[in-house]
Amino acid sequence: QVHLVESGGGLVQAGDSLRLSCAASGDTFSTYAMGWFRQAPGKEREFVASISRTGVNTNYADSVKGRCIISRDNAKNLVYLQMTSLKAEDTAVYYCAARFNANISPHIGAYDYWGQGTRVTVSS
């Protein structure tokens with residue numbers, strides 16, 4: 001079992017950059033593929049990015065491709081989401097998720113553990 005805590009959200013201007021962090025505790029972090037998802041007001045939760053257990057493989061939603069980078073530090077039990085050129089439509093609560101002993105996936109149901117989320121608000 002792994003416990004996830006997101007941080008780094010806040011209020012920013014359109015065009016700004018922001019780095020979200022997710023700290024994991026509990027089980028061996030390197031055994032989990034990790035993902036970032038987001039949920040905008042009134043919308044369903046959607047995939048943003050995912051990263052493999054070693055960090056070699058990544059995958060991005062088309063809506064953030066070229067503007068976001070997911071990375072991880074297995075020594076520190078951290079996963080990051082670096083976001084640039086933020087837009088108003090990036091406003092959402094961002095969630096970190098962990099998938100035990102498996103490959104990356106864009107599917108919400110594939111993940112075993114979730115954090116509580118961190119809110120990102122982008123003003124235009």
Side-chain angles (χ1 to χ4, degrees):
Q1 188 169 354
V2 65
H3 180 63
L4 304 172
V5 179
E6 302 93 336
S7 62
L11 173 63
V12 297
Q13 300 286 327
D16 284 353
S17 298
L18 200 63
R19 188 177 80 161
L20 306 182
S21 300
C22 173
S25 60
D27 209 347
T28 304
F29 181 61
S30 61
T31 62
Y32 290 85
M34 300 298 295
W36 283 98
F37 293 78
R38 68 186 182 186
Q39 188 165 14
K43 296 187 177 181
E44 294 186 351
R45 194 170 299 189
E46 65 176 8
F47 170 72
V48 176
S50 59
I51 188 166
S52 63
R53 287 166 283 176
T54 62
V56 170
N57 296 314
T58 58
N59 188 28
Y60 297 92
D62 288 343
S63 59
V64 303
K65 199 170 293 184
R67 298 190 298 118
C68 288
I69 297 175
I70 186 171
S71 61
R72 66 188 296 162
D73 185 337
N74 285 348
K76 296 181 179 180
N77 290 4
L78 289 167
V79 61
Y80 305 101
L81 184 68
Q82 178 70 49
M83 302 187 292
T84 61
S85 302
L86 283 162
K87 306 174 183 180
E89 50 263 45
D90 294 318
T91 294
V93 176
Y94 284 72
Y95 297 90
C96 173
R99 188 179 191 217
F100 177 67
N101 200 29
N103 295 325
I104 57 177
S105 173
H107 303 297
I108 292 173
Y111 288 81
D112 303 301
Y113 301 101
W114 293 82
Q116 292 300 306
T118 185
R119 185 175 301 275
V120 173
T121 303
V122 184
S123 63
S124 56

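Just so it is clear, the model here is predicted, and its values are computed rather than measured.
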Might you point out which heavy atoms bring [X] and [Y] nearest each other, and give the distance in Å?
| X | Y | value |
| --- | --- | --- |
| S124 | A88 | CB-CB, 4.3 Å |
| V2 | A98 | CG1-CB, 3.8 Å |
| R53 | N74 | O-ND2, 3.0 Å |
| A24 | L4 | CB-CD2, 3.7 Å |
| W36 | L81 | NE1-CB, 3.6 Å |
| V79 | S71 | CG2-O, 3.1 Å |

Do the side chains of [X] and [Y] join up, straight or via other hydrophobic residues, at under 4.5 Å, putting them in one cluster?
| X | Y | result |
| --- | --- | --- |
| F29 | I70 | yes |
| Y111 | V64 | no |
| Y113 | L20 | yes |

(request) Give a yes or no on this: more than 12 heavy atoms of other residues, nucleotides or ligands lie within 6.0 Å of atom NZ of K43. (result)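 Not more than 12 within 6.0 Å, no.
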(request) Could you walk me through whether M34 and R72 pass side-chain contact (heavy atoms from CB on, under 4.5 Å), step by step? (result) CA-CA 9 Å; M34 300 298 295; R72 66 188 296 162; 3.6 Å; yes
Do [X] and [Y] come close enough that some side-chain heavy atom pair is under 4.5 Å?
| X | Y | result |
| --- | --- | --- |
| D90 | R38 | yes |
| N59 | F47 | yes |
| Y94 | V48 | yes |
| V120 | L18 | yes |
| I104 | T58 | no |
| Y32 | N101 | no |
| Q1 | D27 | no |
| I69 | Y60 | yes |

(message) Can you list everything that forms a side chain to side chain contact (heavy atoms under 4.5 Å, CB included) with S25? Sequence neighbours excluded, please.
(response)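 For S25, the residues satisfying side chain to side chain contact (heavy atoms under 4.5 Å, CB included) (neighbours in sequence not counted) are H3.
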Under the 3.5 angstrom rule, does the side chain of [X] hit a backbone N or O of [Y] as a donor-acceptor pair?
| X | Y | answer |
| --- | --- | --- |
| R67 | S85 | yes |
| R99 | A33 | no |
| T91 | V122 | yes |
| S105 | H107 | yes |

(request) Please lay out, stage by stage, how Y95 and E6 fare under the test side-chain contact (heavy atoms from CB on, under 4.5 Å). (result) CA-CA 7 Å; Y95 297 90; E6 302 93 336; 4.0 Å; yes
(message) Listing request: all disulfide (SG to SG under 2.5 Å) pairs with a residue in residues 40-92, at least two apart in sequence or in separate chains.
(response)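 Output for this query is empty, none listed.
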Could you grab the distance from atom [atom1] of [X] to atom [atom2] of [Y], nearest 0.5 Å is fine?
| X | Y | atom1 | atom2 | answer |
| --- | --- | --- | --- | --- |
| N57 | I51 | CG | CD1 | 9.0 Å |
| K76 | S21 | NZ | OG | 10.5 Å |
| E46 | Q39 | CD | CD | 9.5 Å |

What pairs of donor and acceptor atoms, side-chain ones from residues 7-16 against any protein atom, are under 3.5 angstrom apart with sequence neighbours left out?
unit_1	atom_1	unit_2	atom_2	d
Q13	OE1	S123	OG	3.4
Q13	NE2	S123	OG	3.4
D16	OD2	Q13	N	3.0

(request) Indicate, with yes or no, if the rings of F37 and W114 have centres closer together than 6.0 Å. (result)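 Yes, ring centres under 6.0 Å apart.
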(request) Dump the intermediate steps for side-chain contact (heavy atoms from CB on, under 4.5 Å) on Q82 and S17, then the final yes or no. (result) CA-CA 7 Å; Q82 178 70 49; S17 298; 4.0 Å; yes
